[in-house]
Amino acid sequence: MSISPRSKSGALEIPELDLAMTLNSGQAFHWTAMGEGWTGCIGETAVFLRQKGDKLEFRGIGEKDLCHYLALDHDLEAIRASCDHPVVREASLGCRGLRILRQPRWECLATFILSPMKQVAHIRQMSLALRARFGTPLSGTPIPAFPSASALAEATEQELRSCGLGFRAKGLLGTARLVASGEFDPEALSTLSTEEARDALCSLPGIGRKVANCILLFAYGRLEVVPVDVWIGRILGSFRGRRKATPAELERYGERVLGPYAGYVQQWLFHRARTGLLELPAKKSTKSKATARTATPSRRRIPRPVTG
DNA sequence: TACCAGGTGAACT
DNA sequence: AGTTCACATGGT
């Protein structure tokens, strides 16, 4: 793999990073395992990454940009300490090293328009198809960047559908046109409050509350927001008890119970549930807590997803 | 085959 | 303001 032959490279000592878990946790969808490392790109820059223990080797990108993308400045220990819910504690320990990335705005925004009613593996397929078809290959590599808004705005809905987007093609095309024309500027959201930025995102076709929250979390560093998808809905519902709740109620509940870094907590729960490792206390056991802790049959497991 | 997936938007009560 | 429905695709 020839990534930027004589460009930047090096190695970093990382206190706490699980690169594989981070790149596979349903935030970014384009990283590909290559041998013991990962190839992909950060914005318009082709990148190779490899983690060996506490050492992170990188090629193609400068240290500063890499640290920004991987959010190595997030204090994970403090974030773990910010929520003392017993189920969260267990999930947080199982997700040590999982970091919420700082993704390029347009790329993250467009990719999450692909996400409704799709599994992570399918979002990956669609995003890779868009890159292959509409993205420009990065210098000297077979890796295409995510297509610009202009590139997608010039496509037809049928062309987008041919990448497997289904009904999502219309929203992506409409949003790409608004961004390409300058009518909507993703960069301008960074100075707005979270509420204002969310309203702005929700004005775009194909973006509702949940997708807007994903974008705010994964591209704008709004670590307090809680995207409520089917998984988080189930989990928060089980935290609350059997009473049925609207998505809005679950989101408010999550913001309150999961603490100031609710977005991080949500990501731990999502990742553990999706990989089949999250167990929840039985909803109303007649047994004592001590019994419930050791007797595994009294615990309820969140159903495993259809794996992709 | 039937069911599900990091939902949204429009049309209903 | 809450509920219901259509919307594409691919995997188990």
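Residue numbers begin at 1 in each chain, while the letters A, B, ... track the order of the sequences. As the structure is a prediction and not an experimental result, all values here were calculated from the model.
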Counting any heavy atom closer than 4.0 Å, what does A:Phe218 reach on the DNA or RNA strands: base, sugar-phosphate only, or nothing? base

Polar side chain donor-acceptor pair, A:Ser162 to A:Glu159, under 3.5 angstrom: no

Residue closer to the 5' end of DNA chain C, A:Arg161 versus A:Glu249 (nearest nucleotide): A:Glu249

Using the rule for Phe, Tyr, His and the six-membered ring of Trp, do A:Trp231 and B:dG6 stack at under 5.5 Å and under 30°? no

Looking across every strand, which nucleic acid part, if any, lies under 4.0 Å from A:Ile207 by heavy atom: base, sugar-phosphate, or nothing? sugar-phosphate

Presence of A:Arg234 side-chain N/O under 4.0 Å of B:dG6 phosphate oxygens OP1/OP2: no

Give one of base, sugar-phosphate or nothing for A:Gly164, where a contact means two heavy atoms less than 4.0 Å apart. sugar-phosphate

Would you mind classifying the nucleic acid contact of A:Thr111 as base, sugar-phosphate or nothing, using non-hydrogen atoms under 4.0 angstrom? nothing

Distance under 6.0 Å and angle within 45° of ring axis: A:Arg105 vs A:Tyr220: yes

Taking any heavy-atom pair under 4.0 Å as a contact, classify A:Leu217: base, sugar-phosphate, or nothing. nothing

Please report, rounded to the nearest Å, how far the P atom of B:dG6 is from the CD1 atom of A:Ile113. 18 Å

Rounded to whole Å, please give me the gap between CZ in A:Arg168 and P in B:dG9. 13 Å

Just how far, in rounded Å, is C1' of B:dA5 from CD of A:Gln119? 5 Å

